[in-house]
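Chain A is the first sequence line, chain B the second, and so forth, proteins listed ahead of strands; every chain is numbered from 1.
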Amino acid sequence: MNIVVCIKQILDPEVPARDFRIDSERREAARGSANLVTNIFCENALETALQFRERAGGRITVLSFGSESAEDSLRKALAMKADAAALVINDGHPHPDPFAVARALAAAIRKIGDFDLILVGRESGDWGAGQTGALLAEELGVPCVNFVDHIDSDSDGLRLKRQTDAGWEIFAAKPPVVVTITNDEHNVPRVPKTRDVMMSYRQTLTKWTLDDLDTDAASIRAANSYYEIVDLLIPVKETQCEFIEGDSLESRVENLARRIQEVTDAL
Amino acid sequence: MNDSQATREVFWNITQVWAMYALLVPTLVIAGFGFYRRVRVWKRGLPLDRTDRPIERIRKLITHALAQRRTTRDTSAGIFHTLIYTGFIILTLATTVVFIHQDFGLPIMRGKFYLYFQSFLVDVFGALTIVGILMAAFRRSIQRPKKLVYTDEAAMILAVIFLIAVTGFLVEGWRIAATSDPWGHWSPFGYLIARASGPLMSDETLKQSHAAVWWTHAVLVFGFIAWAPYTKMAHVAFSPFNIYTASLAPVGASLRHIDFDKAETLGVNSLAAFTWKDLADFDACTECGRCTNFCPANTVGKSLSPRDIILDLQLFMRNSERGIQNGNSALRTPHSAFNSPIIGTVEATSPDALWACTTCGACMEACPVFIEQMPKIVDMRRFLVMEEADFPDTMQEAVTSIESRGHPFRGTSLGRMDWAEGLNVQTIDQADDAEVLLWVGCGGALVERNTRVTRATAQLLEKAGVSFAVLGREEKCTGDPARRIGNEFLFQNLAKENSDKLNRHGVKKIITACPHCFNTFRNEYPQFGGNFEVYHHSQYLARLVDEGKLKPEKKSEKKVTFHDPCYLGRHNDEYDAPRQLVKIASRSNPIEMKQSREQSFCCGGGGGMSFIEEPPDKRVNGERARQILETDAERVAVGCPFCMTMLEDGINARKGERDVRVMDVAELLWESVSADVRG
Amino acid sequence: MSDILAILFASAGFDGATQGILGEGRRLADTLSCKLHALIIGPQNEPMNSSVAAIADRVIAVDQSEISEYDTEPYLCVLVAVCKQLSPRVALLANDTYSQELAPRLAHRLGGSAVGDVTELKSHLDALRVTRSVYGGKAAAIIELKRYPAVVWLRARAFAPAEMRTERVAQIEKFTLDLSGDFRACIIERKREASGATRLEDAQVIVSGGRGLGGPEPFEELRQLADAIGAQMGASRAACDAGWVPPSWQVGQTGKKVAPGLYIAVAISGASQHLAGISDAKVVAAINIDPDAPIFKRCRFGIVEDYRKVVPLLRETLSGTKK
């Protein structure tokens with residue numbers, strides 16, 4: 001089974017709100033002193049793939065479309081024991097729309113060759129569009145199953161368990177298929193072994209430019225045919241917390257209960 | 001008779017003395033082999049130089065082997081051990097005297113020396129030895145403290161040395177009686193036996209009994225000498241050896257460096273990955289249990305027991321040699337066990353136990369023979385982290401956060417410079433001529449409570465007119481938690497990166513309020529090209545007060561106790577500077593807790609443990625909070641951001657009892673020097 | 001070619017999200033002077049249909065055996081077929097699991113563009129501009145769609161419902177479509193967890209627990225509190241990742257984005273990724289032992305205390321069982 005896991009490197013989503021600034025020129029978050037990290041759902045996706053490989057075998061290629069720095073994310077994926085890594089270097093728009101991303105990824109996946117299972121994170125911690133998987137599936141002309149947290153296979157094909165608002169569902173799917181991965185208790189990304197981290201720097205990593213791919217590189221570079229960010233702003237939200245006081249624990253809880261009652265009554 | 005002629009016949013009443021000499025040969029061979037086979041195993045360990053600086057080593061030997069400073073800290077054990085130990089020394093000296101007198105033909109056993117030393121002193125110390133043995137037996141059989149290991153061997157040893165001592169007195173007493181020794185009363189206890197047995201026994205019976213007991217005594221002694229190296233009595237030789245070859249570095253510098261270009265396995269999961277000194281440590285253990293007794297994790301009921309780690313690995317090592325079967329099934333290991341896994345094979349080395357260590361160093365401070373328990377624990381952690389990536393989730397989160405964010409506090413809402421809001425603090429870019437660098441540390445910048453300590457420190461420096469700067473957003477974790485958790489790779493990367501950065505900025509002096517950063521800079525960065533003059537803020541502030549640059553105006557009425565941070569006290573031997581600040585800022589001297597200074601009890605936050613959720617009934621900070629509340633202090637002074645949060649949590653959890661405020665020494669001082677802060 | 005289409009699931013009923021879609025659809029249609037169509041897909045129910053018919057100008061119902069239960073591929077076929085027939089300029093959906101997975105694919109198949117989790121829609125010149133929160137709620141982006149139809153899924157409870165007409169009630173038109181096809185992925189098993197009647201996104205009041213609870217058992221205590229005030233249960237990512245509660249309870253940037261009138265955070269420190277999920281909550285209240293916990297920065301009111309002491313007492317007080 002050939003598995004491709006698409007991963008995205010993003011600005012650390014845990015940068016404290018007080019440090020968060022906007023680069024209004026580029027209409028994106030200012031880098032500041034924040035670090036770049038692998039998007040968490042992408043790591044969940046890789047973890048899901050690694051566990052699936054342990055059960056069903058296969059080969060995992062991690063793929064990213066991003067700047068040169070995304071190599072760090074791919075190296076980390078190699079340290080987590082992905083088999084191969086490829087980076088499509090984005091020399092165009094710094095934050096391409098999901099359609100451009102899907103086309104770039106689709107072209108790269110076709111170049112990688114045979115694929116049975118493509119995993120992507122359900123959304124990214126920066127723009128959070130939540131569309132890459134679906135659009136990628138459409139580009140490749142294969143089905144897409146969203147919010148999956150567990151993958152199994154049997155003689156009929158794949159069994160995909162996905163979360164819904166109310167519970168879960170199981171899909172039977174014939175590969176190839178695109179799957180978007182959400183997190184659950186079982187796909188918390190593993191911490192790579194230090195030895196593997198050291199080794200990952202010696203492994204080869206394929207790099208392509210958009211021109212190496214069979215796609216419309218120019219429109220991907222322009223990256224505004226789908227939608228465009230016209231403005232980016234920081235919403236003003238300041239709340240002053242009222243700390244509930246009282247003479248005793250009982251009276252404090254009573255005061256708390258009263259405040260809760262006031263709010264629920266007004267709903 | 002003239003005292004100057006006083007002496008006795010050495011082999012009186014003993015025939016076929018050659019038999020004794022003949023017995024000596026196998027005795028020494030067996031004993032020698034006992035030592036040889038231990039040393040043979042040690043030689044399989046990795047190399048390590050522990051012979052440098054002989055003067056310091058000899059000094060250490062005198063203080064700790066000869067004077068046994070650590071052994072005697074425990075009063076009851078100290079007394080009986082001293083009795084037995086000095087008895088042994090005196091009796092051995094006496095035997096040596098006999099040896100010189102008889103075999104070398106130098107007639108030294110005569111006159112006053114014979115009377116004062118060979119008769120009186122030896123007799124009295126022999127009796128004291130018996131007292132010591134009885135005390136030890138009482139402790140072992142009636143008191144039964146938890147820290148001891150109860151083996152048949154230990155009981156046997158006591159029985160044998162008791163018999164040796166008793167038979168010695170019988171030999172002496174019956175000789176005095178039979179020979180009507182005119183100097184007999186110089187040996188008071190032997191004399192008593194002589195007086196008691198004289199009327200009961202005929203001369204002939206005395207002679208026969210004397211000869212029989214003499215031989216019994218001789219056989220017991222020789223047997224004991226042959227047997228001792230195979231028992232914990234080997235400590236008579238191993239302890240001085242271990243003390244001589246002990247690390248001379250401060251506890252804070254005791255972790256082993258890993259050369260990643262050469263290391264075959266990262267960390268330790270087999271005896272073969274230890275150094276010879278680690279292996280020697282296993283054999284040096286006297287089973288006294290002080291390490292476990294002082295271990296904070298063990299105290300609160302966790303499975304960590306440094307003593308059991310050492311003893312189980314000792315057994316493991318011996319079995320790996322002999323391939324013998326032993327009662328403990330986990331330790332039934334064949335010869336090849338020298339290379340087989342050790343982690344988790346017994347409870348002592350279970351991951352649960354290893355992940356309970358706060359690296360506080362109490363075990364190392366307690367050990368009378370300078371066994372290095374804590375670095376071995378970290379060695380095994382390293383294996384789990386770097387080779388297996390198998391360690392507690394919340395610690396993983398901290399490590400991952402250090403890796404990707406440069407600090408261990410995932411989810412903090414603070415930035416690196418938020419603490420300085422409203423202060424005129426300059427970054428090193430703005431003030432590259434600053435004299436000292438204030439290293440804020442992740443705790444000091446990103447944990448709300450500790451930002452107030454950082455503010456106080458910065459304001460004090462400013463008030464004293466110190467030209468200082470901070471790194472600001474460029475600052476990153478020193479790597480201490482990563483290293484103690486076991487990710488040496490991450491630590492080394494950070495150490496190199498930070499050393500380079502500080503050198504690039506031309507930093508010479510560093511002040512930090514975090515003892516972990518302090519220890520790392522002081523003891524660990526020099527290996528990575530980071531050579532700085534490092535001060536804990538308490539040291540620097542105390543100096544500013546001494547120099548008159550800070551003038552305390554008010555003294556607080558509140559009673560204060562001081563909690564020693566492990567990484568300042570035990571790890572770096574600084575106990576006085578923070579106490580001095582407490583003293584300056586309050587009316588009365590700090591109240592000392594039962595466990596303070598060298599024997600201070602950890603807050604529970606070191607070694608990455610502040611990133612672990614401990615079960616509520618087994619929290620180290622809970623126990624320390626109890627100890628704090630036991631005093632009548634209204635405040636507890638600390639000097640470490642981890643202690644701050646751990647103790648606040650611990651005291652909060654016991655809020656019903658009494659409220660004690662946790663304050664950093666810098667906050668106390670700031671309160672005292674600034675007019676605008678409430679007292 | 002310029003109409004608005006509201007895509008509704010019959011199974012959802014006339015819930016808050018449905019009302020929000022119709023409300024915003026109605027407003028947009030009125031502003032642009034165009035029609036509001038509503039597609040109700042799945043086994044129909046009368047009360048919902050008549051309510052929808054009192055808001056939309058035209059109601060299309062698709063209800064046939066192939067789609068008696070949700071399945072991605074046939075549902076997508078229905079949406080594509082209906083959209084091709086109606087050629088709306090804007091299609092609106094809710095932000096439930098199903099809508100989120102259908103919307104981008106629908107847009108792609110129609111040659112349009114999709115955007116989701118939208119809190120505001122505006123027509124700007126000839127284009128549609130939407131507002132959505134990005135960077136985990138730290139910023140808001142205004143996005144202009146470049147291809148049409150625009151398929152937009154709306155954040156629950158962010159939009160006001162429309163008034164129902166009493167006259168000019170629309171007719172319900174039944175469409176029957178050819179849904180035979182070889183679908184390579186289909187649902188073979190469905191399971192509803194007994195967690196609650198209302199979707200977390202629609203909940204008015206949520207009681208949520210975090211890592212500070214230390215294990216699954218305390219959630220039972222929280223459940224009793226929630227029951228006492230008619231609240232839904234939520235949890236932080238840490239609590240879900242630890243396996244204490246099902247992942248469907250997770251609130252945060254990586255979980256559900258909720259918008260209740262009252263959100264009670266118990267033993268949740270308030271990491272920014274969690275705050276991202278409650279940025280639309282009207283009132284946040286917290287119970288936390290740590291006065292410095294970031295959650296208090298987002299709170300209207302809170303109590304600094306051990307939840308173990310507060311929660312049982314609070315439940316007694318609120319349920320009136322306290323003597």
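- Neither side chain, A/Arg252 nor A/Asn255, offers a donor N or O lying under 3.5 Å from an acceptor on the other.
- No hydrogens or angles considered: a donor-acceptor pair under 3.5 Å links the side chains of A/Arg122 and A/Thr182.
- Looking at C/Ala271, neither its backbone nor its side chain comes within 4.5 Å of chain A, counting heavy atoms on both sides.
- With A/Phe99 as the aromatic partner, C/Arg147 meets the cation-pi criteria of under 6.0 angstrom to the ring centre and within 45 degrees of the ring axis.
- Neither the backbone nor the side chain of C/Ala127 comes within contact range of chain A; no heavy atoms are under 4.5 Å apart.
- Using a 4.5 Å cut-off between heavy atoms, C/Cys186 contacts chain A through both its backbone and its side chain.
- Ranking C/Ala285, C/Ala107, C/Ala114, C/Ala185 against chain A, the residue ahead of the rest is C/Ala114, based on heavy-atom pairs under 4.5 Å.
- Remark: the A/Ser124 side chain and the A/Asn39 side chain contain no N/O donor-acceptor pair separated by less than 3.5 Å.
- Contacts of C/Tyr70 with chain A are made by side-chain atoms alone, with heavy-atom separations under 4.5 Å and no backbone atom involved.
- Heavy atoms closer than 4.5 Å to chain C are found in both the backbone and the side chain of A/Leu233.
- Looking at C/Asp96, both its backbone and its side chain come within 4.5 Å of chain A, counting heavy atoms on both sides.
- No hydrogens or angles considered: nothing links the side chains of A/Gln131 and C/His108 as a donor-acceptor pair under 3.5 Å.
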